Amino acid sequence: MLPTVAWQDDAVVMIDQRKLPTAEVYVTCRTAAEVARAIKSMVIRGAPAIGVAAAMGLALGMRRSKATGTAKFAAEFQKTCELLAATRPTAVNLFWAIDRMKARFGAMVQAGASVGEIQRGLEAEACAIHDEDVAACRAIGEHGGALLADGARVLTHCNAGALATAGYGTALGVIRGAIGQGKRIAVYADETRPFLQGARLTAWELLHDGIDTTVITDNMAATLMAQHLIDVVVVGADRIAANGDVANKVGTYGVAVLAREHGIPFYVAAPTSTIDLGTPDGTGIPIEERDPREVTHVGPTRVTPERAKIRNPAFDVTPNRYVTAIVTERGVVRGPYGESLRGLLA
Ligand code: MRU
């Protein structure tokens, strides 16, 4: 399996996703601040992977603490949680993972654990979050794989693969699951402007696994659908609101509308850690606005006039009515999502 993020001795090691596919370089983070920087600058990205990295960053930060008493240690823990929570706003997995680490911390303090015991407990919790994410992706692959027909041509957007998770992937997990079930699958990968997660990362990891992959620019999806070259769309998610509205990489909404127009099923694959029952609908999901440079430049080259105004919302929200089904590790749910998602998490 492809390495995304790992706890190694007293460091968090991650493959530098800014450099793929031209260079396979690993970044070693030795402090929580380094992990926070890595998340913010997209060394690591993808909703579940960000959550795992943040949990490991917290464990790492607290392992470095010089505090001897739990009061000072708790104050440092709170600050480190805030540091990691401030990295990226949209993927709810980040906050889910931090909350889970807080719960473990609180339970250990309550039980009278020493600083050393808490440090070891946080490390164990972060590693559990990592391992559970891989298991969730494999289960998503099993459930979602069953939805794809033999010979299916699948369109995906962004990278919801091994690189976006602790391993195996969500949308790409569905593709891997279907192939594991003996089906022949061909993938069309949207390039995903401006950060090119599809062209660089999805293509790289699918080819690594020998999966039939064709990269298209984002504006080609409509014509391919009109030519009956796409049978099904499978994407990941950064946050699923209680009513089933889905925030994912900008461009996903357009693909969903096109899929509806062409009568193509539109599936969202995500672990239950991506479901946010605390946000009633998509209007409440914070959308990250990223550096204009991602739009003005392709690599080192400026492609827009100096004085052009720029917008760079990194995500959009697909209304629930376009979502054929949501595939999670606990099974496949369909609308009305208010009921089905609540039932899934009950
Ligand atoms: O900005 P990114 O690359 O972190 O955005 C990632 C996406 O939008 C993915 O599609 C989503 O996180 C699903 S990852 C399994």
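It should be emphasised that the depicted structure is a prediction, and the values quoted were computed from it without experimental measurement. Counting starts at 1 for both ligands and their atoms, in listed order. Positions are given from 1 along the sequence. We use all heavy atoms of the structure for the numbers below, so side chains are in, but hydrogens, waters and symmetry mates are not.
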Exercise for the section: Return yes if some donor-acceptor pair links the side-chain N/O of His130 with the main-chain N/O of Val5 below 3.5 Å, else return no. Expected result: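 The answer is yes, because a donor-acceptor pair under 3.5 Å joins these two groups.
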Problem - ILVMFWY cluster membership beyond Val317 - transitive side-chain contacts under 4.5 angstrom - result: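 Grouped by the 4.5 Å side-chain rule, Ile285, Ile287, Phe315 form the rest of the cluster around Val317.
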Handout entry: Shared-cluster residues of Val303, by chain and number - hydrophobic side chains joined below 4.5 Å
Key =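 Cluster partners of Val303: Val298.
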Exercise for the section: Any pair with a residue in residues 49-77 that passes salt bridge (charged side-chain N to carboxylate O under 4.0 Å, His left out), sequence neighbours left out, goes on the list, sorted by first then second residue, please. Expected result: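 Only Asp10-Arg64, Arg63-Glu123, Lys72-Glu76 qualify under salt bridge (charged side-chain N to carboxylate O under 4.0 Å, His left out).
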Exercise for the section: Check step by step if side chain to side chain donor-acceptor pair (under 3.5 Å) holds for Arg342 and Ser340. Expected result: CA-CA 5 Å; Arg342 247 195 336 273; Ser340 59; over 6 Å; no
Handout entry: Sub-4.0 Å heavy-atom environment of ligand 1, residues by chain
Key =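 Residues near ligand 1: Met42, Arg45, Gly46, Ala47, Pro48, Arg88, Cys158, Asn159, Ala160, Ala164, Thr165, Thr170, Gln197, Gly236, Ala237, Asp238, Asn248, Lys249, Phe315.
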Handout entry: Polar contact flag, side-chain donor to acceptor under 3.5 angstrom, Asn312-Arg293
Key =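 Arg293 and Asn312 do not have a side-chain donor-acceptor pair below 3.5 Å.
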